[in-house]
Structure formats: C-alpha cells, structure tokens
Amino acid sequence: NAGVTQTPKFQVLKTGQSMTLQCAQDMNHNSMYWYRQDPGMGLRLIYYSASEGTTDKGEVPNGYNVSRLNKREFSLRLESAAPSQTSVYFCASSELQGITGELFFGEGSRLTVL
Amino acid sequence: AQSVSQHNHHVILSEAASLELGCNYSYGGTVNLFWYVQYPGQHLQLLLKYFSGDPLVKGIKGFEAEFIKSKFSFNLRKPSVQWSDTAEYFCAVKAAGNNRKLIWGLGTSLAVNP
C-alpha cells in the first residue's frame, strides 16, 4: 500500500501566485488533515476533514482553503501565496476522527514563496 | 486549553548513551499519548502509543515510554542510542474519545554522534 501520497514534493512560488497541494490515501480512512511544520513551532493544524463531506478549520487556517474531493482525496489550496506560507506541508489521515488516534503521514511538500 | 510541553528542544548524545526525552501535558481527563519520530528528510511515523493498561509502553527500535498519571508525564526512553536514532521526536496527546484532535509538542531534535 502506498499509504498517504502528496504532490508535489517541492514547489517554488512567487508572492501572489496560487497553487494546490494534493493528497490521497488508500487506507480507507475517514479523517484527513493538513499540517504545516516550521522550525521551532512543531506541527500546526491548518484544516481537517473528520469525514467525507465535512471540513473544519484548525489552528492556522488563514490564507488556505481545502476540498475533500472524496473519501480518498483532500486538497489544500493557497489562493494568493505569501512568504509567510513558506513551510513544509504534511497531509495525514486517520480512522474516524482518531478512534485509535494514530495519524499516518505523507512525505511532505516543501513550499517556498519568494 | 490542553497543551503539551517538551522540555528538551535540542539534545546531543554520543552513541551508546542513554536517552530520556521529557513530555508533560495539561489535561485532567483520560488521555491517549503518542510519540512520533521524524528521521531527516522523512515523514512522521508513530514510535509508540499509550491508551490504557500497563503504563510502560514499548515501541519500535528499542524505545519505551512511561505514563505517570500523577505527573501528567509521558517520557520517552532508550537505554542505548545509535547514530540512526538521529531525528526529531514529537510528543502528542489526545483527550480520550472520538472527535478529539491531537495536541502536539514542539518537538525535540536529537543528534547522536558516532
């Protein structure tokens, strides 16, 4: 099984450009998450989707939008990128809102905004 | 509000030294506890978890953690570290039950010198 797959792995944007990070999981998980990881700040939740058809804001949702396209896919969109959004983005999935609590992570997408 | 505190931000050890990384949380109810590891350039993966039962939990690669409820702590230990243990370690806590999110510590960076 591939687990959680994210694309692209690397991206450089100019300020104001838009882009979408794609995430897909093949574990039949109900819940999916987008985190950003910055040095010294740990993992911060951007948005999550507890189940297909629902999305909710996390700690740092400003400047982002998400779409839970179906049970497998959960995309993160930056409408107008800013340098403050330079980060490593991780997608994760889990059983229904963490019945076991264990998250399965993708390999990350490193985004640089110039 | 719930929070997770990892006391050591950066730890440097020599091979064969013993390791203990501290993790404390603030939440009075029943919790599920996790340690995740992120090897350089890789995604986060679960090292070990505690839900109930024996408070001494054994994980992968010789790691263990002890849940001390009275101290709100879940410290990670390894008797003898290896160079390959160089990684970032994250403690995470979830209030027990469905529909509860993980709260993350800021992480501890471990460097093991050969």
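Convention: sequence-line order gives letters A, B, ...; per-chain numbering from 1.
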Should the heavy atoms of other residues, nucleotides or ligands under 6.0 Å from CD1 of B:I12 be counted, would the total exceed 12? no
Would you say [X] and [Y] are hydrophobically clustered, going by side-chain heavy atoms of ILVMFWY under 4.5 Å?
X: A:L103; Y: A:W34; answer: no
X: A:Y64; Y: A:F90; answer: no
X: B:V4; Y: B:L46; answer: no
X: B:V93; Y: B:L47; answer: yes
X: B:V31; Y: B:Y50; answer: yes

Counting C-beta onward and ignoring hydrogens, is there a side-chain heavy-atom pair between A:F105 and B:Q42 closer than 4.5 Å? no
Would you compute the distance between atom [atom1] of [X] and atom [atom2] of [Y] and round it to the nearest 0.5 angstrom?
X: B:W104; Y: A:Q37; atom1: CH2; atom2: CD; answer: 9.5 Å
X: B:N32; Y: A:E102; atom1: CG; atom2: CD; answer: 12.0 Å
X: A:D38; Y: B:L106; atom1: CG; atom2: CG; answer: 11.5 Å
X: A:L43; Y: B:L102; atom1: CG; atom2: CG; answer: 9.5 Å

Under a 4.5 Å heavy-atom cut-off, does chain A meet the side chain of B:Q38, its backbone, both or neither? side chain
Bottom line for A:Q6: the part with an atom under 4.5 Å from chain B's heavy atoms is neither
Residue by residue, scan residues 106-114 of chain A and write down, ordered by number, those that have a heavy-atom distance under 4.5 Å to chain B; if none do, write 'none'.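 Those residues of residues 106-114 of chain A which have a heavy atom under 4.5 Å from chain B are A:G106, A:E107.
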